[in-house]
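To keep things clear, I will list the structure first and then write my remarks on it.
Just so you know, ligand 1 is whichever comes first in the structure, and atom 1 is the first atom listed for that ligand.
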Amino acid sequence: MKKALITGYRGQDGAYLSRLLLEKGYEVYGADRAGDSGQWRLRELGIEGQVKEIALDLLETSNIIDALEKVKPDEIYNFAAQSFVLISFAQPVLTAEVNAVGVARLLEAMRKAAPKAKFFQASTAELFGSTGSAQKNETTDFHPRSPYAVSKLYAHWLTVNYRQAQGVYACNGILFNHESPLRGEEFVTRKITTSVARIKKGLQDKVTVGNLDAKRDWGYAKEYVDGMWRMLQQPTADDYILATGEVHSVREFIRTAFAAAGIRLEWKGKGLNEKGVDAKTGKVRLEISKEFYRPADVKELVGDASKARKVLGWKPKTKFGDLAAIMVDAELRRLEGRKVKL
Ligand code: GDP
């Protein structure tokens with residue numbers, strides 16, 4: 001029986017990956033950090049109690065070594081992070097401690113306590129920054145535009161360096177935005193879909209967001225964790241992009257999500273005064289606030305996952321419109337007390 005250790009296992013990707021590995025017969029250990037939330041994800045996935053918790057905080061080297069010595073994992077997946085771009089502008093040091101130096105602690109502990117283990121680092125499309133609308137691939141230059149992206153850049157290159165200099169089996173999955181009903185509510189897709197369902201049910205009047213014109217490559221997280229697992233099953237370690245290759249704006253996501261709940265949204269006004277209005281009732285359902293704008297945003301991100309397709313046999317299946325509909329349906333089900341499809 002293979003053993004996997006997952007940091008951030010109560011987050012969206014950690015929870016989906018836990019389920020996938022349990023289904024594959026792995027013994028799954030979740031790195032448990034005091035104060036972590038997200039138990040609801042394991043509960044909704046029906047795997048509560050099946051992941052073995054092990055105390056591990058990326059801020060503390062000694063407990064990482066202890067955990068690795070205890071578990072002796074075959075595979076380590078690192079999802080633990082301060083993962084909100086906007087918060088990283090206000091908390092750059094904490095972001096670096098966890099996302100950058102935390103990975104150095106983990107890789108160094110691994111070299112000492114579990115040198116044969118395979119390592120997956122959750123790297124990010126945010127590394128690319130705003131470098132135009134061309135599809136990004138594994139050879140595209142990085143131009144990070146937030147403290148979050150800068151911290152992840154360090155982790156990315158350190159992972160490459162441990163592979164090249166220390167002979168560690170270490171992979172970066174350069175993950176484009178991947179969403180699901182298990183996404184944190186701070187991210188724009190889940191924020192919108194929870195609001196759409198509440199508006200539909202009359203529990204909320206409107207939702208307030210930031211930059212409508214940012215464009216992203218949005219895939220379904222459930223499919224992305226399969227790509228991550230595949231990276232660690234190869235004879236040699238490498239870095240891979242996971243993306244759909246399709247790009248859509250926040251504005252399109254909003255319209256599609258409202259439409260999935262049967263509400264046709266029209267845009268009125270300009271700039272900070274722009275509003276999303278229910279075409280039938282004339283009610284304002286969406287407003288803009290500066291509060292949700294970033295000091296520097298990434299305009300457009302779209303990825304080319306042909307390397308993952310060729311080498312890993314990985315291909316995203318769920319399309320943009322279906323993803324928005326899946327997320328809205330899940331929120332309606334939650335409000336109605338029905339089981340969510342995950
Ligand atoms: P990210 O791409 O990892 O930063 O994922 P997010 O879902 O947080 O943000 C995606 C894009 O949506 C960014 O360009 C944001 O500026 C934009 N956006 C617009 N309004 C909002 C909002 O209210 N919340 C968030 N999180 N993002 C927003």
Before you tell me yes or no, could you show the steps for Tyr148 and Phe89 under ring-ring contact (aromatic ring centres under 6.0 Å, His included), namely the whole-Å CA-CA distance, both residues' side-chain angles and the distance that decides it to 0.1 Å? CA-CA 8 Å; Tyr148 167 81; Phe89 287 96; 9.9 Å; no
Measure the acute angle between the ring planes of Phe142 and Phe128, then classify it against the limits of 30° and 60° as parallel, tilted or perpendicular. tilted
Is the terminal nitrogen or CZ of Lys191 (NZ for Lys, CZ for Arg) located under 6.0 angstrom from the six-membered ring centre of Phe292 and within 45° of that ring's axis? yes
Under 3.5 Å, side chain of Thr318 to main-chain N/O of Leu323, donor-acceptor pair present? no
Using 30° and 60° as the class boundaries, would you call the ring planes of Trp314 and Tyr224 parallel, tilted or perpendicular? perpendicular
Any idea which residues sit under 4.0 Å from ligand 1, heavy-atom distances? Val85, Glu126, Asn177, Glu186, Phe187, Val188, Lys191, Val209, Gly210, Asn211, Ala214, Arg216, Val250, Phe292, Arg294, Asp297
From CD1 (Ile65) to CD (Glu60), nearest 0.5 Å: 10.5 Å
